[in-house]
Amino acid sequence: MASTTPATGSFPSPYEVETLPGCEGWEEMYPYYGRFLESRREADEGRFWFWNSMHFPEPMPAFDVVCIDSPYQGIGSWQNRVFAVPPAMGIDWRVVNGYIYITGNPVLDPEKVAERAEVFQKRAGYYYENWDELYAKWRSNMEQLIKELSELEVPDLPEYEPDAVVSGEQNTSFYRVQDAYSRTLRMGDLMWQHHFELLLLGYGAYATLAEFCKANLPDIPDQHIAQMVAGIDVILFRPDQELRRLARLAIETGVDGAFRQGRTPEEIDAELATSEAGRAWLEELEKVKEPWFHMATGDGLYHFYRSWLDEPAIPYASLIGHIAALQAGQEIERPTEQIREERDRLANGYRDLLDESAQSTFDDLLNLSRKVFPYVEEHKFFCDYWFLTSWWNKIREFGALLARNGFLEDGEDVFHLARHEVASALDELTLTWATGGKPAGPTHWPPIVARRKEILERFKEWNPPPALGTAPEKVMDPTLIMLWGITDERVRDWASQVDGGSSLNGAAASPGTIEGVARVVRSVDQIGDVREGEVLVCGSTSPAWAPIFSKISATVTDVGGVMSHAAIVCREYGLPAVVGTGRATSTIKTGQRVRVDGTNGVVTILDEDGDG
């Protein structure tokens, strides 16, 4: 066990966290390597583990672990084995009571850092020099992968094979089922390979700009550096942009009366279908759906984050809100021009403070950041939303196959089996289908599923600590710093925080100060509870939440850095934001009045009462 504690402080030992009552045996849902094992206790207790509530805010179902393994395989491969990012290798993960904790693997040997720097400069330089061509190729690869996924057939198991098998034109159904499942998993892995190919370079360009600015402009705030690359125009904002356009169209064509609070999409569509103008509006909606309704309701990494196509209540609720705002004479567009004016004002002002030789370097680094940074947000539409929502639906087809054959009570239960357990169930299903034998699966799997559902529900009652283990002396991984906001200062804040108190500190993500009523949102299904003018308090946000940013007044998150999605979106909407507070959702109550100072990174609770 680690015997010393760095000056930054420490957190509860992961080995001392107790299993919740009634959840005994929860570990079987997760792979052995994702647990805090006694065999590596000394090493793991000496490391800093933080709850990745940005990507995994809810307890993790067994199958969804694939969206832990594959992403960290992907980011580790590009960061450590391809680009050799000098100070960081990859990310390790562990699970505690169903919640996912992660830590970075730093490179501590100065000689190794120097060696990796040479590799990084050469390979990253190639990407930066050929960015437009490589990005076009990347987008083509993703579009082809999405097409391939949509065309993949999950066959049924017929009483007798078709004549095409006899003639040799088609493989047997047992092989086709097994091949389809294997291909589905491998397509998921390939998506994660594509996901991280350019992402680290987006962060890298920004990190280089930030490093240069701090070296030559010692007093520049992190927030101003971030603002200098704001005002971006990426396709990730397009779905909400299309909703705003449709809202205007509804008013212009006189069909806005159909969009009333509390009505379902089916009720709205039924009324629109009764008039020529309404039918024309619905036709325009159909044009928008492909591809923009492939937007997800959350960050995409859980199977229950469905697309707008599957859950139209989300975009329809946004349409109702946009139409109501327009009817009240309010502005619903992002203040892009003002953001860009402030961006250019800051950039020109800081440039003037540099000498002539430094100005040239500043221009190059700023232009590169603005060129490559949009990918940091844009990749999410293709990967996390369009692909993943379609991919989860493909897994549902295997669940439906198992349910039709009695292995599961409901097709959705497939997500309570680990991916290798699904493979095992499919093995037995195709075996007994082929031989006519009696399967054990129909009595084996349903009790396991029922127990896991019960455990996950109990896990939801737990409030995970923001961090476990030993705080690091120095945080060096640029991804941890920019995306998750894990900086030396943040770690010290988390370690020194105690329950109670009226203020929280975090990263100053987007400037401005606002006072308002808090709305604590712990899961994506609570988004609809957010009311006009409220302060959104959450673990983190994703770009999928964009439609609510036109109604809130500010954002506060538990985790996140200046390059997190919450920070980026708030800057684009001109909303104050404080991210990475560590404990906002456990400290602030819905209904409390709070002051959000996004310029200085401070959140103050102004009253003690809330409606909880």
Side-chain angles (χ1 to χ4, degrees), residues 230-297 307-341 374 377-378 381 385-386 527-534 536 541-553 555 568-575:
I232 57 177
D233 184 17
V234 297
I235 62 171
L236 198 56
F237 295 121
R238 182 72 180 274
D240 187 45
Q241 179 182 327
E242 289 295 332
L243 292 182
R244 295 195 299 269
R245 183 178 68 82
L246 287 170
R248 286 195 170 86
L249 180 63
I251 292 176
E252 291 168 2
T253 57
V255 301
D256 50 306
F259 296 87
R260 297 193 294 276
Q261 196 73 40
R263 303 191 79 187
T264 66
E266 293 76 18
E267 290 170 335
I268 294 172
D269 286 355
E271 179 173 332
L272 291 172
T274 62
S275 69
E276 184 176 345
R279 290 190 293 272
W281 188 94
L282 288 171
E283 289 178 8
E284 191 63 27
L285 173 66
E286 288 302 313
K287 297 175 184 177
V288 168
K289 286 183 177 179
E290 286 293 337
W292 307 119
F293 268 42
H294 287 284
M295 195 70 170
T297 55
S307 73
W308 289 358
L309 291 171
D310 296 319
E311 293 189 0
I314 298 290
Y316 272 73
S318 297
L319 282 165
I320 291 171
H322 289 327
I323 289 171
L326 288 169
Q327 290 171 335
Q330 299 173 8
E331 178 55 61
I332 64 172
E333 294 296 328
R334 289 189 296 127
T336 304
E337 286 307 311
Q338 297 94 303
I339 300 297
R340 288 175 178 170
E341 287 175 6
E377 287 295 282
E378 197 150 286
F381 180 75
Y385 303 146
W386 193 350
I527 293 177
D529 297 334
V530 178
R531 298 292 177 259
E532 190 76 30
E534 290 183 328
L536 175 66
T541 70
S542 79
W545 295 19
I548 71 167
F549 281 87
S550 60
K551 68 163 63 173
I552 62 175
S553 60
T555 299
I568 292 170
V569 175
C570 282
R571 286 195 293 270
E572 295 302 323
Y573 279 82
L575 300 174

Side chains of [X] and [Y], heavy atoms from C-beta outward: is any pair under 4.5 Å?
| X | Y | result |
| --- | --- | --- |
| I339 | R571 | no |
| S307 | Y385 | no |
| Q330 | E532 | yes |
| T336 | Y573 | no |
| L236 | M295 | yes |
| P315 | F293 | yes |
| L309 | E290 | yes |
| E333 | R244 | yes |

At their closest point, which heavy atom of [X] faces which heavy atom of [Y], and how far apart are they?
| X | Y | result |
| --- | --- | --- |
| I268 | Y316 | CD1-CD2, 3.7 Å |
| P335 | G574 | CG-N, 4.2 Å |
| S553 | G533 | OG-O, 2.9 Å |
| A250 | I323 | CB-CD1, 3.9 Å |
| E242 | V288 | OE1-CG2, 3.5 Å |
| V255 | S275 | CG1-OG, 4.5 Å |

Inset, instruction - Identify whether the distance between the nearest side-chain nitrogen and carboxylate oxygen of R245 and E284 falls below 4.0 Å. - result: yes
Inset, instruction - In plain terms, say whether R260 and E267 are close enough for a salt bridge, that is, a side-chain N and a carboxylate O under 4.0 Å apart. - result: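 No, this pair does not count.
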Nearest-0.5 Å distance that lies between atom [atom1] in [X] and atom [atom2] in [Y]:
| X | Y | atom1 | atom2 | result |
| --- | --- | --- | --- | --- |
| E252 | L246 | CD | CG | 11.0 Å |
| D529 | E534 | CG | CD | 9.0 Å |
| L326 | H322 | CG | NE2 | 8.5 Å |
| T253 | L272 | OG1 | CG | 8.5 Å |
| D256 | L319 | CG | CG | 11.5 Å |
| L536 | R531 | CG | CZ | 13.0 Å |

Inset, instruction - Could you walk me through whether W292 and L243 pass side-chain contact (heavy atoms from CB on, under 4.5 Å), step by step? - result: CA-CA 10 Å; W292 307 119; L243 292 182; over 6 Å; no
Legend entry - Evaluation steps, salt bridge (charged side-chain N to carboxylate O under 4.0 Å, His left out), between E286 and K289: CA-CA 5 Å; E286 288 302 313; K289 286 183 177 179; 2.9 Å; yes
Inset, instruction - Establish, yes or no, whether a centroid distance under 6.0 Å links the rings of W281 and F259. - result: yes
Inset, instruction - Give a yes/no verdict on a cation-pi contact between R334 and F237, requiring under 6.0 Å between NZ or CZ and the six-membered ring centre and an angle within 45° of the axis. - result: yes
Legend entry - Any donor-acceptor N/O pair, E311 side chain to W308 backbone, under 3.5 Å: no
Inset, instruction - List the steps, then state whether salt bridge (charged side-chain N to carboxylate O under 4.0 Å, His left out) holds for E276 with R279. - result: CA-CA 5 Å; E276 184 176 345; R279 290 190 293 272; 5.4 Å; no
